[in-house]
Amino acid sequence: MGKFSFFIGLFLLPSAIALSIIFLLFSLIISFWNDLRKLINDRINLIYVTSCLLLLISAFFNFFDKNSINNLSNNSSLIFIGLLNWVPLIFAFIGFQKYLLTNNDRKKCILIFIFGSIPVIFSCFAQFILNWFGPMETLYGLIVWYQRPIDGITGITGLFNNPNYLAAWLNLIWPFSLAFIFFDNKNKVKILFKILLIFSISLLIILTASRAGWLCLLLPIFIIYAQRIKLWILTFISGISFITLFLTSSLFESEFRNLIAKIIPRGIWINFTNLEYANLDISRLGIWKYALNFISESPIFGHGSKSFTSLLLAESGIWKGHAHNLPLELMVNYGIPAALLILIPTTYLVIKAYLKLFFVKLNVNKSSILDRAWLISLTLLILMHLVDIQYFDGRISIAGWILLAGVKNLVLNDEIPQLKKKKKIEEV
């Protein structure tokens, strides 16, 4: 019952998050009811639980500190509201592990991720082809599809609130669609579906005009297909390099550049020029420098949740919603100790997973391909959060913790250690 509820919640996550949370909460209750002691006694889980305690201590410290920025700006309620982005999701990460124990469990989740994303893909094509704009609401606002108005065909958002949120979700399912190329290639209907899926996801990632999204579009191809497409990769990179060169270099005639710029949508080619940065009030590096200064001012307890915006506004007069880097955002808000207790075990699990899948488990089969796709999906999400933050969209953050729960099981609870023991016994 718990696993079925988890699967339903996962399917509804991208298109109806409010309904999804109901099913996911029910699955969590069942998970903790049956296996609370086992889940909490796990060493990795204990580290994350300890991070929750530090997050709470930071929140109370800043709530009672009259000089904290949230109190000075009359936003003291944000100190505790911001905890909802972390504490419940950390416990969700612990509870969801029960439903992701085996490769077969993760395979089912991958299929659900893909089929649950069909409404997302549909909303994107409806947005830029049919001019279907929103926001659109139903069930008294429980389901909202934003469908932001767009200029041309780039900067699409689909049912998400922001192109970068859409890019994050599409990059999350992109490795899954690439991995399924290796499965069931005798059925023509399935082959056609997979080709359409890959074409749709890659096209939509390009049309988000998200630079981070574009980078994450390429990385899985290198990792999953490796040497099989060397020539194709070199051709593609050469093409991208040439486009970048003639759009930015004075070596080419301006008329030629203008001609190409007319063919390629402005929202795409502008990302290869300095025009994109002409009106910026502050660069990413500038934002990160301020973030590092804020961290040094309160390294132990941070400044409180959602504090970066107020701190930057008070310091520079510039408004930014966040630090454009999730580790820095965590440290600014909650201090270095709390942040490290989240970042260190996460980094450990990801590195261990790569060592296991790419250096220990050298035999490539359908199971290992799916696990590699799962790991790459989480990696892409992490990389995107080094230059921007999509985490504050609940769909992205919940999906991220689900992926991490699967990686933890992949590292610590999978079948490889048992196989190694068998081999040693046979050798003896």
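Model, not experiment: these values are computed from the prediction.
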**Student:** To the nearest 0.5 Å, what is the distance between CG on L19 and CG on L13?
**Tutor:**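 Answer rounded to 0.5 Å: 11.5 Å.
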**Student:** Would you check if Y48 and P345 make a side-chain contact, meaning some heavy-atom pair closer than 4.5 Å?
**Tutor:**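 The answer is yes; the side chains approach within 4.5 Å.
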**Student:** For the atom pair NZ (K194) and CD1 (I114), what is the distance rounded to the nearest 0.5 Å?
**Tutor:**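 Answer for the NZ-CD1 pair, K194 versus I114, is 10.0 Å.
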**Student:** Please report the shortest heavy-atom distance between L380 and N171, naming the atom on each side.
**Tutor:**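 Minimum heavy-atom contact is CD1-O, 3.4 Å.
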**Student:** Under 3.5 Å, is there a donor-acceptor pair between the Y391 and W401 side chains?
**Tutor:**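 Looking only at side-chain atoms, W401 and Y391 do form a donor-acceptor pair, the distance falling under 3.5 Å.
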**Student:** Take W319 and T309 through the side chain to side chain donor-acceptor pair (under 3.5 Å) test and state the conclusion after the steps.
**Tutor:** CA-CA 6 Å; W319 188 95; T309 301; 5.0 Å; no
**Student:** To check you understand the geometry: which heavy-atom pair defines the closest contact between L328 and L292, and what is its length?
**Tutor:**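 Smallest heavy-atom distance, with atoms named: CD2-CD2, 3.8 Å.
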**Student:** Which heavy atom of H324 sits nearest to which heavy atom of I389, and what is that distance?
**Tutor:**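 Heavy atoms only, the tightest pair is N-CD1, 4.0 Å.
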**Student:** Side chains of I402 and L100, heavy atoms from C-beta outward: is any pair under 4.5 Å?
**Tutor:**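 Counting from C-beta outward, I402 and L100 do come under 4.5 Å.
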**Student:** Cut-off 3.5 Å, side chains only: do N162 and Q390 have a donor facing an acceptor?
**Tutor:**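 Side chains of N162 and Q390: no pair found under 3.5 Å.
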**Student:** Distance from F160 atom CZ to C124 atom SG, nearest 0.5 Å?
**Tutor:**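 Between F160 CZ and C124 SG, I get 8.5 Å after rounding to 0.5 Å.
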**Student:** Mind checking whether C109 and L10 have side chains closer than 4.5 Å, heavy atoms only?
**Tutor:**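 The answer is yes; the side chains approach within 4.5 Å.
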**Student:** If you measure from CZ on F26 to OG on S31, what distance do you get to the nearest 0.5 Å?
**Tutor:**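 It is 12.0 Å, given to the nearest 0.5 Å.
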**Student:** Side chains of L219 and L383: closer than 4.5 Å at any heavy-atom pair?
**Tutor:**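 Answer yes - side chains close enough.
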**Student:** Are F80 and F60, when compared by the centres of their aromatic rings, separated by less than 6.0 Å?
**Tutor:**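 Yes; F60 has its ring centre under 6.0 Å from that of F80.
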**Student:** Would you please indicate if the ring centroids of F23 and F6 are separated by under 6.0 Å?
**Tutor:**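 Judged by ring-centre distance (under 6.0 Å), F23 and F6 do not meet the cut-off.
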**Student:** Just grab all the ring-ring contact (aromatic ring centres under 6.0 Å, His included) pairs involving residues 130-149, residues at least two apart or on different chains.
**Tutor:**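 Qualifying pairs, neighbours excluded: F122-W132.
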**Student:** So do K306 and N333 actually touch side chain to side chain, heavy atoms under 4.5 Å?
**Tutor:**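 N333 vs K306: side chains apart.
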**Student:** What I want to check is whether the side chains of W174 and S202 have a donor and an acceptor closer together than 3.5 Å.
**Tutor:**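 There is no such pair between these side chains.
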**Student:** How close do S27 and Y99 get, counting heavy atoms only, and between which atoms?
**Tutor:**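 Reported closest heavy-atom pair: O-OH, 2.5 Å.
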**Student:** Do K3 and D105 pass the salt bridge (charged side-chain N to carboxylate O under 4.0 Å, His left out) test, and can you show the C-alpha distance, the side-chain angles, and the key distance before you say yes or no?
**Tutor:** CA-CA 9 Å; K3 183 176 285 189; D105 290 335; 2.9 Å; yes
**Student:** Taking all heavy atoms of A168 and all of I396, pick out the closest pair and write down the distance.
**Tutor:**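 Smallest heavy-atom distance, with atoms named: CB-CD1, 4.0 Å.
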**Student:** Using salt bridge (Lys or Arg N to Asp or Glu O under 4.0 Å) as the criterion, list what pairs up with K352, not counting sequence neighbours.
**Tutor:**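 Applying salt bridge (Lys or Arg N to Asp or Glu O under 4.0 Å) to K352 gives none.
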**Student:** Can you tell me how far CG of L330 sits from CG of N85, rounded to the nearest 0.5 angstrom?
**Tutor:**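 Result: 10.0 Å between the selected atoms.
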**Student:** Is there a side-chain contact between V49 and I90 in this structure, where contact means two heavy atoms from C-beta onward sitting under 4.5 Å apart?
**Tutor:**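 Side-chain contact under 4.5 Å: no.
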**Student:** Verify, without hydrogens or angle tests, whether N71 (side chain) and D65 (backbone) share a donor-acceptor contact under 3.5 angstrom.
**Tutor:**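 The answer is yes, because a donor-acceptor pair under 3.5 Å joins these two groups.
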**Student:** Roughly how far, to the nearest 0.5 Å, is the CD1 atom of I94 from the CZ atom of F91?
**Tutor:**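 The CD1 atom of I94 is 5.5 Å from CZ of F91, to the nearest 0.5 Å.
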**Student:** Centre of F358's six-membered ring, under 6.0 Å away, within 45 degrees of the axis: is that where NZ or CZ of R372 sits?
**Tutor:**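 Yes - R372 lies over the ring of F358, closer than 6.0 Å to its centre and within 45° of its axis.
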**Student:** Verify the distance criterion only: is there a donor paired with an acceptor across the side chains of D371 and N103 at less than 3.5 Å?
**Tutor:**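 Their side chains do contain a donor-acceptor pair, which is all the 3.5 Å distance test asks for.
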**Student:** Scan side-chain atoms only and decide if Q127 and T157 contain a donor-acceptor pair under the 3.5 Å cut-off.
**Tutor:**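 Q127 vs T157: donor-acceptor pair found between side chains.
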**Student:** So S377 and F176, do their side chains get closer than 4.5 Å, heavy atoms only?
**Tutor:**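 F176 vs S377: side chains touch.
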**Student:** Are the ring centres of F115 and F193 closer than 6.0 Å?
**Tutor:**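 Yes: the rings meet the under 6.0 Å criterion.
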**Student:** Go through the side-chain N and O atoms of N164 and S210 and say whether any donor and acceptor fall under 3.5 Å apart.
**Tutor:**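 The criterion, which ignores hydrogens and geometry beyond distance, is satisfied for S210 and N164.
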**Student:** Is any side-chain heavy atom of H303 closer than 4.5 Å to one of F308?
**Tutor:**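 With C-beta onward as the side chain, the pair stays apart.
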**Student:** So which heavy atom on I205 is nearest to which on G213, and how close?
**Tutor:**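 That would be CG2-O, 3.4 Å.
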**Student:** Do we see a donor-acceptor contact under 3.5 Å between the side chains of N75 and S73?
**Tutor:**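 Yes, a side-chain donor-acceptor pair sits under 3.5 Å.
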**Student:** Please check if the number of heavy atoms outside F7 that lie under 6.0 Å from its CZ is greater than 12.
**Tutor:**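 Counting neighbours around CZ of F7, more than 12 heavy atoms of other residues, nucleotides or ligands fall under 6.0 Å, so yes.
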**Student:** Between F93 and F96, is the ring pair (Phe, Tyr, Trp, His ring centres under 6.0 Å) condition met? List the steps.
**Tutor:** CA-CA 5 Å; F93 155 77; F96 289 153; 9.3 Å; no
**Student:** For residues S51 and Y334, is any side-chain donor paired with an opposing acceptor at under 3.5 Å?
**Tutor:**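 Distance-only check fails for S51 and Y334.
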**Student:** What's the verdict on side chain to side chain donor-acceptor pair (under 3.5 Å) for E315 and N293, showing C-alpha distance, side-chain angles and the deciding distance?
**Tutor:** CA-CA 11 Å; E315 186 78 15; N293 288 334; over 6 Å; no
